Asks: 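Sharing a structure with you now.
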Amino acid sequence: MSENILEIKNLNKYFGQKQVLHQVSFSITQGHITGLIGANGAGKTTIMKSILGITNFSGEIRFKQSLITVNQHLPLQNVGALIEYPGLYPFLTGREQLQLFATGKKQQKVESIIQKLNISSFADIKTKDYSLGMKQKLGVALALVNQPPMVILDEPMNGLDPQATKELRDLIIAEKNHGVSFLISSHILSELQKLADDVVIIDHGQIIKNTTMSQLLAANQHYILLKTDNDQLALQLLDTVGYQISQTKESLQVLKTSQFKIGKLLRILFEHNLEIIDIQQQEGDLEESLLKVLNGNDKTHIRK
Ligand SMILES: Nc1ncnc2c1ncn2[C@@H]1O[C@H](COP(=O)(O)OP(=O)(O)O)[C@@H](O)[C@H]1O
Ligand SMILES: [Mg+2]
């Protein structure tokens, strides 16, 4: 059975009179990537800062069973983190900052992370001249350089172009395959679609869903887009036999339910001598499917 590397129970946090976290509870399974999803202001960064012991909170946070408090965050030597914007020294180069952070076999660790993150082209430039994407990559490198068993990344895809996003994703997955556990936040669910094993969804400081990415994806609907030489007739025929079908400007959109069989659909069209001009698969929108899951979710079922 997989064990939890991190456990959060009944986390509450106030800024003055304002409560920004309400009884937040969830765990991170050892070796998993857990995605923390929520709109801006939902409380993601505050949760991460609490875990790192850099903000005070009430509740219980345990890393490998030991309790974390603001005064007692020794176990956190084992957690690499990138929170909000990486705090960088503007007049040091990326490589110099990595060397400053690295412990033990500094040279080897720094070289290895520069290679892995593909940042050698700018590692020797002072960070005051970095783009947002470069800063973000260096921030991730700083979180990973000491090869910690757990890594916390707060919106790590911010400012990265698609190529850099893919590189970062591949790196995170490679680290995970070496047993590293991750907590990664984003306000965009689809950014974590190819990454997260588990998904924790937070809204206004409350956990409203705690599930697996595969369960979330299963709730995502798929469609067949169909264009024939007589869409009107095709629509009637398929509608009559119970397909959930709608007509868009260019084509017919047929919902792929669990009983959907493409062969059966094609046979109906062939039997009526309809010619198929185009047929495509279309995936539903993940953010939309999330809303569907949430709407069907009674908030009284929040996991405590
Ligand atoms: N230092 C602070 N003082 C007062 N309010 C804060 C502070 N930091 C965050 N907040 C508030 O706490 C809530 C959660 O913020 P945050 O954790 O940064 O959300 P997220 O990271 O999901 O965007 C927001 O309403 C934000 O305005
Ligand atoms: Mg944040």
Side-chain angles (χ1 to χ4, degrees), residues 6-28 33-61 63 68-71 73 76 79-88 131-144 150-160 164-165 168-169 172 181-193 195-196 198-211 213 216 286-287 290-291 293-294 297 299 302-303:
L6 189 89
E7 288 181 337
I8 299 176
K9 274 194 200 131
N10 302 328
L11 182 61
N12 286 294
K13 169 77 185 170
Y14 289 82
F15 284 110
Q17 297 291 309
K18 191 179 165 202
Q19 187 169 7
V20 297
L21 295 180
H22 305 259
Q23 297 289 108
V24 165
S25 302
F26 65 92
S27 332
I28 295 176
I33 299 173
T34 300
L36 182 60
I37 316 283
N40 287 326
K44 304 179 295 296
T45 300
T46 306
I47 290 176
M48 291 175 152
K49 284 182 173 171
S50 305
I51 296 170
L52 293 166
I54 52 182
T55 185
N56 61 340
F57 57 86
S58 74
E60 202 181 289
I61 302 180
F63 175 73
I68 292 172
T69 67
V70 176
N71 300 320
H73 44 124
L76 289 171
V79 181
L82 165 65
I83 296 291
E84 290 185 325
Y85 303 100
L88 301 175
S131 69
L132 180 58
M134 292 173 182
K135 285 183 185 166
Q136 202 69 9
K137 276 188 155 186
L138 179 60
V140 173
L142 289 165
L144 291 172
M150 175 158 168
V151 177
I152 293 177
L153 301 175
D154 193 10
E155 312 243 7
M157 312 297 190
N158 268 355
L160 298 187
T165 300
L168 177 57
R169 188 165 64 223
I172 291 171
S181 311
F182 284 88
L183 177 65
I184 306 177
S185 74
S186 177
H187 60 285
I188 304 164
L189 175 60
S190 50
E191 271 185 0
L192 300 184
Q193 179 177 359
L195 204 55
D198 305 314
V199 184
V200 175
I201 294 158
I202 178 167
D203 185 35
H204 292 95
Q206 277 191 305
I207 304 295
I208 52 171
K209 191 86 189 169
N210 189 342
T211 183
M213 185 55 88
L216 210 54
L286 191 59
E287 317 285 330
L290 170 64
L291 288 179
V293 169
L294 294 183
N297 183 45
K299 286 197 181 182
I302 296 164
R303 278 184 21 178

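Since the structure is predicted, the reported quantities are computational estimates derived from the model, not experimental observations. Both counts, for ligands and for their atoms, begin at 1 and track the order of listing. Start at 1 with the first residue, then count along the sequence.
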Asks: When you measure from the heavy atoms of Gly41 to every atom of ligand 1, does any distance fall below 4.0 Å?
Replies: yes
Asks: For the Mg ion (ligand 2), report each protein N, O or S atom nearer than 2.8 Å, sorted by chain and then by residue number.
Replies: Thr45 OG1
Asks: Judged by non-hydrogen atoms, does Lys18 sit under 4.0 Å from ligand 1?
Replies: yes
Asks: If only atom types and distance count, is the side chain of Lys9 paired as donor or acceptor with the main-chain N or O of Ser27 below 3.5 Å?
Replies: no
Asks: Can you list the residues that meet the side chain to side chain donor-acceptor pair (under 3.5 Å) rule with Lys137, with sequence neighbours excluded?
Replies: Glu167
Asks: Set out, in order, the CA-CA distance, both residues' side-chain angles and the distance that settles side chain to side chain contact (heavy atoms under 4.5 Å, CB included) for Phe63 and Ile61, then state yes or no.
Replies: CA-CA 7 Å; Phe63 175 73; Ile61 302 180; over 6 Å; no
Asks: Residue-level breakdown please: for Val20 versus ligand 1, do any non-hydrogen atoms fall below 4.0 Å on the side chain, on the backbone, on both, or on neither?
Replies: side chain
Asks: Just which atoms of ligand 1 are under 4.0 Å from any heavy atom in Asn40?
Replies: 23 (O)
Asks: Any nitrogen or oxygen of Gly43, main chain or side chain, under 3.5 Å from a nitrogen or oxygen of ligand 1?
Replies: yes
Asks: How many angstroms lie between atom OG1 of Thr34 and atom CG of Leu6, to the nearest 0.5 angstrom?
Replies: 9.0 Å
Asks: Counting only heavy atoms, which portion of Ala39 has something under 4.0 Å from ligand 1: side chain, backbone, both, or neither?
Replies: backbone
Asks: Can you tell me how far apart CD1 (Ile68) and CD (Glu7) are? Round to the nearest 0.5 Å.
Replies: 11.0 Å
Asks: Looking only at atom types and distance, does a side-chain atom of Lys44 sit under 3.5 Å from a main-chain N or O of Leu36, one as donor and one as acceptor?
Replies: no
Asks: Roughly how far, to the nearest 0.5 Å, is the CD atom of Glu155 from the CD1 atom of Ile188?
Replies: 7.5 Å
Asks: Can you sort out the partners of Lys49 under salt bridge (Lys or Arg N to Asp or Glu O under 4.0 Å), two or more places apart, ordered by chain and number?
Replies: Glu84
Asks: Could you tell me which residues satisfy side chain to side chain donor-acceptor pair (under 3.5 Å) with Thr55, sequence neighbours excluded, listed by chain and number?
Replies: Lys13
Asks: Tell me, which protein residue and heavy-atom name are nearest atom 15 (O) of ligand 1, and how many Å apart are they?
Replies: Thr46 OG1, 3.8 Å
Asks: Provide the number and element of each atom of ligand 1 under 4.0 Å from a heavy atom of Thr45.
Replies: 17 (O), 18 (O), 20 (P), 21 (O)
Asks: Looking at ligand 1, would Gly16 count as a contact under a 4.0 Å heavy-atom criterion?
Replies: no
Asks: Can you tell me how far CG of Asn12 sits from CG of Leu21, rounded to the nearest 0.5 angstrom?
Replies: 7.5 Å
Asks: Could you measure the distance from the OG1 atom of Thr46 to the CG atom of Asp154? Nearest 0.5 Å is fine.
Replies: 9.5 Å
Asks: Which protein heavy atom lies closest to atom 9 (C) of ligand 1, and at what distance to 0.1 Å?
Replies: Phe15 CE1, 3.4 Å
